[in-house]
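As structure tokens, the structure follows; a few thoughts come after it.
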Amino acid sequence: MNIKITFPDGSIKEFPSGIKGIEIAQSISEGLMRNALAIEVNGEIWDLSRPITKDASIKIFTWNDKGGKYAFWHSSAHLFAEALEALYPGVKFGIGPPIENGFYYDVDLEGRPFGDEELAAVEKKMSELAKQNSVFVRKDVSKAEAIDYFTKKGDQYKLELIDGLQDGSITFYQQGNFVDLCRGPHIPSTAPIKAVKLLNVAGAYWRGDEKNKMLTRVYGITFPKQKELDEYLHMLEEAKKRDHRKLGKELELFAFSEKVGMGLPLWLPKGTILRERLEQFMRKAQVKAGYDPVVTPHIGSKQLYVTSGHYEKYGKDSFQPIHTPDESEEFLLKPMNCPHHCEIYKTKPRSYKELPVRLAEFGTVYRYEQSGELHGLTRVRGFTQDDAHIFCRPDQVKEEFVKVIDLVLLVFKSLGFENYTAQVSLRDPNNKAKYIGEDALWDKAEREIQEAADERGLKTVAVLGEAAFYGPKLDFMVRDALGRSWQLGTIQVDYQLPQRFELEYVGSDNQKHRPVMIHRAPFGSLERFIAVLIEHCAGNFPLWLAPEQFAVLPISEKFNGYAQQVVDKLKESDIRGFLDDRDEKIGRKIRDSEVKKVPFMLIVGEKEAIEGKVAVRKHGEGDKGAMDLSEFVEKFQSDFKMPVVD
RNA sequence: GCCGAGGUAGCUCAGGGGUAGAGCAGCUGAUUCGUAAUCAGCAGGUCGUGGGUUCAAAUCCCAUUCUCGGCUCCA
């Protein structure tokens, strides 16, 4: 009996029933057969050795496909497990999935030490085993068989996994002496795994629950060619050079001090310029968008946060209350600006005619983050949000939300953030106790967010369990140099705080109504935004943001006088820079400014002094030739200016 | 908070029981120079902190703190 196989290009061929993926690959070309790693059959990824018995649409995966890489790395995880078991008999295995770059395996070494030396030994064993070209064999097993096997082996983690599986849908995979509970798919054999690197060891709670035992997670990556591994490792090295913590130190943007306290950044003069430029940019954009700036204190009475619900939710895990000499008073460092803004809203009766009221503040907030969470500027304990709260009528929610989306997109566009993900952060439906408020309002808010995103044609990804405790969010996620994803901009619809603070407005019907609040921060926090910005531009900031836009470099001390005039004139035009009047050769001065990533170097010597010119050199590009100072200013004027805010 | 690895001069790093090292940065002097490092000299550290072992500790042990990689968390 024949079956119909549909190829990705839409063509259909007939094959005998029971044909294997690898045979289909062979029928196309010998080359494809050699490179094939897995096959997609009707949307499911299969082993190449699994017989296909029904009509199917197929796609053959090679190393160039994500599906192919996943199968490759999944098989590599098994190879790792095989090597580990060979060296550490009795080791117990958790889960070992492929990930975006490589794979990991969670293992229980029962206290046996596992460091760099052990890593290297396992790595070596993996390469040895790979060369044996063991075939990955898939085997259907009954639940009883599966339980029996792992009971004998004494692996309680696998037994726990089997417990959650349906009888009849359980498969084992074996290569060499190693058998694993696994749904697959796998590559045909271990031979293609030519280059192996175990990257690091970390702790990970079994099943991601901190109440469970912590297992040892080993991260690794493999490639079909050594060269590809070398390139990957080189790429990692390059990414590390863009790490904002490294550049922040080198470019003197910010610092941390043990004495000040962990997670409390100190902004150095150059970093402060950067920060203030971004702040000015946002202030301008917000004035145009109808926001009113406000300022509120850094602390607030405990009662404020009891009202908002933050105290109940985070009180124990926050900085603890500040006490006054009169013991009856308690104040909290503000972890949020919204309660303060609610109180501003309440300072007078509001009419439906004046809504929406948009209150904006660069509010510095303090949150007690767990010590292990702190990470450069991306996760800190004191940071400044470009916060604002929009108080509007229910019929204005969508329109206001869309306007905020536009503002976030303007920010991202102005700073060249093109690779963001718009994430709709929803409630975890299985854990509603984590959230406050009625279902109906949550559903409404979630619907409004999705509609607003759709209206702007945003491609969104919905993620359950990521909502704030008072409402769903639209989060804009951006990756850092090492591919870690961070939340920057965020927009939230909130029906809860207006209730808790009993916010009201008088409608056209002369009745009291409850406004809706939209929380929003396009940058998110200046700290995190700047961290990601640094990594995006590798410290080469857009000219309008650069802390130092130019350096004037005299050829020798004889021209320091003229050089100073140049500096003064540029400063008059609000262009930032400095004079390098050190007794050094020009090559040295250029090098130092290049290393500091100063956008423009203006070199002045005898010729320039006589002609009243500057020799312009652009960072990373080189000599642009001599020109009048006014010509220089004019030529790059648009770059010096802050992006136009529409 | 949890698991693991680290902390030596301002920075990057060597040294792993026997008098604290290098390069860069800094300071002083010489040099006055044309597009990515001029030369010479000087100075700089209770080896994260606190205990312990030892005749002797940067080095070995314990505790603590901070940093790094993950996990959990993230208003």
Side-chain angles (χ1 to χ4, degrees), chain A residues 104 106 109 111 113-116 118-119 199-219 240 243 245-246 249-250 252 255-259 261-263 305 308-315 317-318 334-339 365 367-376 378-381 385 387 425 435-436 466-471 473 482 484 486-487 490 492 494 497 519 528 553-560 583-595 601-608 615-620 622-626:
Chain A
Y104 68 77
D106 285 347
L109 290 156
F114 202 75
D116 288 349
E118 290 77 11
L119 224 49
L199 295 161
N200 49 43
V201 188
Y205 300 108
W206 167 237
R207 305 203 122 179
D209 188 332
E210 64 181 321
K211 289 193 272 300
N212 288 339
K213 182 168 181 182
M214 181 160 275
L215 307 181
T216 304
R217 175 170 295 180
V218 180
Y219 285 88
K240 277 184 194 156
D243 190 315
R245 292 165 297 188
K246 184 175 157 67
K249 195 182 274 185
E250 285 170 7
E252 298 178 17
F256 290 91
S257 144
E258 261 186 55
K259 260 208 179 102
M262 54 159 100
Y305 296 100
S308 72
H310 289 96
Y311 188 79
E312 193 195 343
K313 178 90 182 154
Y314 296 104
D317 304 315
S318 295
K334 78 172 165 188
M336 289 291 288
N337 303 300
C338 29
V365 297
R367 298 179 183 175
Y368 181 78
E369 304 288 0
Q370 297 182 48
S371 59
E373 279 314 319
L374 301 176
H375 182 98
T378 49
R379 196 78 188 272
V380 286
R381 286 180 172 171
Q385 296 176 313
D387 208 358
S425 300
Y435 311 93
I436 57 172
E466 289 294 308
F469 74 92
Y470 50 76
K473 312 188 282 176
L482 287 168
R484 292 174 290 214
W486 297 96
Q487 176 205 307
T490 180
Q492 308 165 9
D494 180 6
L497 286 192
H519 307 240
R528 183 178 288 178
L553 314 179
I555 296 287
S556 83
E557 285 179 9
K558 284 192 278 189
F559 312 107
N560 282 357
D583 177 13
E584 292 289 352
K585 299 214 279 198
I586 194 65
R588 175 52 178 278
K589 293 184 185 181
I590 286 168
R591 185 190 143 76
D592 287 349
S593 278
E594 288 282 358
V595 168
M601 283 148 278
L602 305 177
I603 295 149
V604 295
E606 187 170 18
K607 216 164 54 185
E608 289 76 17
V616 177
R617 182 190 163 100
K618 201 166 178 189
H619 168 71
D623 199 353
K624 297 277 163 195

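Just so we're on the same page: letters track the sequence lines, and every chain starts at 1. Values below: every heavy atom of this structure, side chains too, minus hydrogens, waters and symmetry copies. Note that the structure is a prediction, hence the values are computed from the model and not measured.
Where A/Tyr219 and A/Ala467 each meet RNA chain B at their nearest nucleotide, the meeting point lying more 5' is that of A/Tyr219. With RNA chain B read from its 5' end, the first of the two nearest nucleotides for A/Glu210 and A/Glu258 is the one closest to A/Glu258.
Taking only side-chain nitrogens and oxygens, A/Lys585 never comes nearer than 4.0 Å to OP1 or OP2 of B/rC39. Dashed line: the shortest gap from a side-chain N or O of A/Lys213 to OP1 or OP2 of B/rC2 is not under 4.0 Å. A close approach under 4.0 Å does not occur between any side-chain nitrogen or oxygen of A/Arg245 and OP1 or OP2 of B/rU67. Taking only side-chain nitrogens and oxygens, A/Ser371 comes nearer than 4.0 Å to OP1 or OP2 of B/rG1. At the phosphate of B/rC74, neither OP1 nor OP2 sits under 4.0 Å from any side-chain N or O atom of A/Arg367. Between B/rA37 and A/Lys589, no contact under 4.0 Å exists linking OP1 or OP2 to a side-chain N or O. For B/rA36, neither phosphate oxygen OP1 nor OP2 lies less than 4.0 angstrom from any side-chain nitrogen or oxygen of A/His619. Under 4.0 angstrom from either OP1 or OP2 of B/rG69 there lies at least one side-chain N or O belonging to A/Arg484. Here A/Tyr205 does not reach the OP1 or OP2 of B/rC2: none of its side-chain N or O atoms lies under 4.0 Å away.
Of all nucleotides present, none satisfies the Watson-Crick or G-U wobble test against B/rU53 with each distance under 3.5 Å. Across all strands shown, B/rG34 remains unpaired; no Watson-Crick or G-U wobble contact has both distances below 3.5 Å. Base pairing of B/rU19: no nucleotide in any strand meets the Watson-Crick or G-U wobble criterion (both distances under 3.5 Å). Using N1 to N3 plus N6-O4 or O6-N4 for Watson-Crick, or N1-O2 and O6-N3 for G-U wobble, each under 3.5 Å, B/rG10 pairs with B/rC24. Using Watson-Crick or G-U wobble geometry with both donor-acceptor distances under 3.5 Å, B/rU59 finds no partner in any strand shown.
The cationic group of A/Arg367 does not satisfy the cation-pi geometry with A/Tyr314, failing either the under 6.0 Å distance to the six-membered ring centre or the 45° limit from the ring axis.
Judged by distance alone with a 3.5 Å cut-off, a donor-acceptor contact links the side chain of A/Arg379 to the base of B/rC73.
Nucleotides B/rG26 and B/rG44 are separated by 9 Å at their C1' atoms, to the nearest Å. One P atom belongs to B/rC62, the other to B/rA5, and the distance between them is 12 Å to the nearest Å.
Counting heavy atoms from C-beta on, the side chains of A/Cys338 and A/His310 come closer than 4.5 Å.
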Please walk me through it: do A/Tyr104 and A/Tyr219 pass ring-ring contact (aromatic ring centres under 6.0 Å, His included)? CA-CA 4 Å; A/Tyr104 68 77; A/Tyr219 285 88; 5.6 Å; yes

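Using a 4.0 Å cut-off between charged side-chain N and carboxylate O, A/Glu594 and A/Arg617 make a salt bridge.
One can place NZ of A/Lys246 at 14 Å from P of B/rG69, the figure rounded to the nearest angstrom.
A stacked arrangement is not assigned to A/Tyr470 and the six-membered base ring of B/rA75, the conditions of a centre distance below 5.5 Å and an interplanar angle below 30° not being jointly met.
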